[in-house]
Amino acid sequence: MVSPDRISIGESVLNLHSKDQSRHRPSVPEAVIWPMSGSEIAEILRYANERLIPVTAWGSGSSLEGNPIPVEGGLVLDFSQMNRVLEIRAEDFQADVEPGVIYKELNKKLRHRGLFFPPDPGADATIGGMIANNASGTRSVRYGSTRDNILRLSVVLANGETIHIGSRSSKSSSGYDLVHLFVGSEGTLGVVVEATVRLVGIPGEFSAAIVTFPSVESAGKAVFEIIRAGLNPCALELLAPECIELINRERDLGLKVASTLFMEYDGPSINQLAEVLDMTREICEEVGCDAFRPGLGVTERDRLLKARHELAEIIMRSHPGCSHMAIDVAVPITAYPEMIAAAMEERRKTGIPAYIFSHAGDGNLHIAFEGKTGDEKEWAVIEEMNERLVLKALIMGGTATGEHGVGIGKRRFMAAEHGKSLEWMKKIKTLFDPNGILNPGKIFEEVTG
Ligand SMILES: Cc1cc2nc3c(=O)[nH]c(=O)nc-3n(C[C@H](O)[C@H](O)[C@H](O)COP(=O)(O)OP(=O)(O)OC[C@H]3O[C@@H](n4cnc5c(N)ncnc54)[C@H](O)[C@@H]3O)c2cc1C
């Protein structure tokens with residue numbers, strides 16, 4: 001079905017496809033295939049389905065919850081060679097892409113047309129992986145997550161049938177919304193072989209501000225007031241004091257070590273952005289901020305926000321000999337300060353290094369734990385903290401994962417989060433993949449099909 005140079009059973013290749021960026025236990029597949037077309041994939045899936053061979057799609061392997069780990073072995077479909085931008089329909093604000101396109105590469109190709117694809121996970125993720133995990137990032141407060149930026153998909157189902165779902169129209173009321181069923185399904189319902197993504201215009205100007213607050217509550221209040229005032233930031237990030245301490249060590253920003261908001265605006269002109277920054281300053285001062293550091297224009301924006309974008313690497317660099325785990329929960333904005341307070345209390349009780357940073361604008365909280373590599377006792381404590389914080393998020397009306405997906409790590413919370421509707425999710429899985437060959441062992445605790 002594929003030429004010999006596009007299938008491998010070599011040990012190093014299998015090992016490379018046995019783990020993502022999480023701490024979840026690696027599991028090697030039997031073979032890795034680099035498909036080149038939807039029709040090849042259809043043939044492979046038909047073959048695998050008849051023989052009950054598990055098939056797991058693979059983007060860049062940058063997931064954080066074990067999402068692409070082939071826990072049942074079988075075949076891995078690595079999309080790195082299906083990475084063509086097929087068509088840019090600039091006037092329709094759309095691009096047709098193969099799933100292996102790295103979103104940053106797409107944005108490089110779009111730059112000279114004055115367009116970009118907004119979702120921005122920190123890693124070099126593929127569009128296919130982003131669709132499967134419904135990834136997002138700092139810009140989702142303004143532009144939404146991947147789900148909000150996908151119009152059409154071509155998907156090969158477990159039996160080898162190809163379906164085309166969605167339309168080129170930017171809105172539709174036509175029948176069940178299958179596109180959004182597949183977004184976030186982590187490759188368990190079908191394999192995406194082509195996607196039409198929504199594009200937006202690159203704004204003319206940018207601004208940023210770093211604002212220090214005496215407490216996490218006052219920072220949370222500022223987040224609410226900024227959104228309520230319709231100021232429409234394109235990033236609204238809250239960093240806890242220990243993150244600022246690390247940033248101060250690496251960057252010459254001289255920030256006060258306190259709860260700090262990093263925010264970014266974009267818009268048509270510097271004058272308009274200056275006005276928005278003035279209004280933001282007023283709001284922040286009203287809720288009692290300690291310091292407001294604004295920056296107008298791209299250069300200033302980059303200077304102020306670079307440290308935020310590099311935070312994950314800065315944290316990891318600061319803890320040699322440690323492994324990393326990033327918790328990802330999301331709660332309603334009103335519950336946000338309480339969620340952060342709970343995370344801070346957990347950290348205080350255990351003394352294990354933990355860095356709280358979050359996409360505050362959409363209530364999405366990350367806590368990066370740095371546990372000693374191989375110290376299973378310490379990691380058991382971290383897992384317990386993870387469990388308590390996820391359950392707290394659920395009690396407060398939130399979700400076990402805002403953007404990293406369920407994968408292996410969040411499966412055990414699915415019943416608590418979804419109750420009876422989890423049974424309907426399983427029925428959907430069985431409908432699309434009756435033999436349970438597609439990315440088995442993900443989303444649900446038991447292998448479903
Ligand atoms: C440093 C760092 C920072 C990160 N920051 C963020 C962040 O800010 N926001 C965020 O959301 N995530 C973040 N992530 C997590 C990760 O980048 C995202 O989850 C991303 O969407 C994974 O894309 P990938 O191409 O690596 O996919 P993989 O990890 O290879 O796969 C992810 C899932 O997609 C499935 N899949 C892949 N291709 C297809 C396809 N064609 N059809 C069907 N299913 C498919 C896989 O089976 C798997 O279930 C970060 C990760 C790292 C390491």
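Positions are given from 1, in the same order as the sequence printed here. Remember, it's 1-based here, ligands and their atoms both numbered in the order they're listed. Since we're looking at a predicted model, the values are computed, not measured.
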*Asks:* Is it the case that Arg308 places NZ or CZ above or below the six-membered ring of Phe262, under 6.0 angstrom from the centre and within 45 degrees of the axis?
*Replies:*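 No, cation not above the ring by the 6.0 Å, 45° rule.
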*Asks:* What does the contact table look like for ligand 1 (nitrogen or oxygen on each side, cut-off under 3.5 Å)?
*Replies:*
unit_1, atom_1, unit_2, atom_2, d
ligand 1, 5 (N), Gly122, N, 3.0
ligand 1, 8 (O), Gly122, N, 3.4
ligand 1, 9 (N), Ser136, O, 2.5
ligand 1, 9 (N), Glu403, OE2, 3.1
ligand 1, 11 (O), Ser136, N, 3.0
ligand 1, 11 (O), Ser136, O, 3.2
ligand 1, 11 (O), Glu403, O, 3.3
ligand 1, 17 (O), Ser62, OG, 2.7
ligand 1, 19 (O), Asn133, ND2, 2.9
ligand 1, 21 (O), Gly129, O, 3.3
ligand 1, 25 (O), Ser60, N, 2.9
ligand 1, 25 (O), Thr126, N, 2.8
ligand 1, 25 (O), Thr126, OG1, 2.7
ligand 1, 26 (O), Ser60, N, 3.3
ligand 1, 26 (O), Gly61, N, 3.2
ligand 1, 26 (O), Ser62, N, 2.8
ligand 1, 26 (O), Ser62, OG, 2.6
ligand 1, 29 (O), Ser62, N, 3.2
ligand 1, 29 (O), Ser63, N, 3.1
ligand 1, 29 (O), Ser63, OG, 2.7
ligand 1, 30 (O), Gly59, N, 2.7
ligand 1, 30 (O), Ser60, N, 3.2
ligand 1, 30 (O), Gly61, N, 2.7
ligand 1, 41 (N), Val192, O, 3.0
ligand 1, 42 (N), Val192, N, 2.9
ligand 1, 47 (O), Ala57, O, 2.6
ligand 1, 49 (O), Asn67, O, 3.2
ligand 1, 49 (O), Glu186, O, 3.1
ligand 1, 49 (O), Asn439, ND2, 3.3

*Asks:* Quick check: closest heavy atoms across Lys429 and Leu438, and the distance to 0.1 Å?
*Replies:* NZ-O, 3.0 Å
*Asks:* For the residue pair His404 and His366, categorise the inter-ring angle as parallel (less than 30°), tilted (30 to 60°) or perpendicular (more than 60°).
*Replies:*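 Parallel, since the angle between the ring planes stays under 30°.
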*Asks:* Does the cation-pi check pass for Arg411 over Phe413, that is, NZ or CZ under 6.0 Å from the six-membered ring centre and within 45° of its axis?
*Replies:* no
*Asks:* Might you point out which heavy atoms bring Ala219 and Leu238 nearest each other, and give the distance in Å?
*Replies:* CB-CD1, 3.7 Å
*Asks:* Just distance, no hydrogens or angles: give the donor-acceptor pairs under 3.5 Å from side chains in residues 330-338, sequence neighbours left out.
*Replies:*
unit_1, atom_1, unit_2, atom_2, d
Tyr336, OH, Ser358, OG, 2.0
Glu338, OE2, Lys392, NZ, 3.0

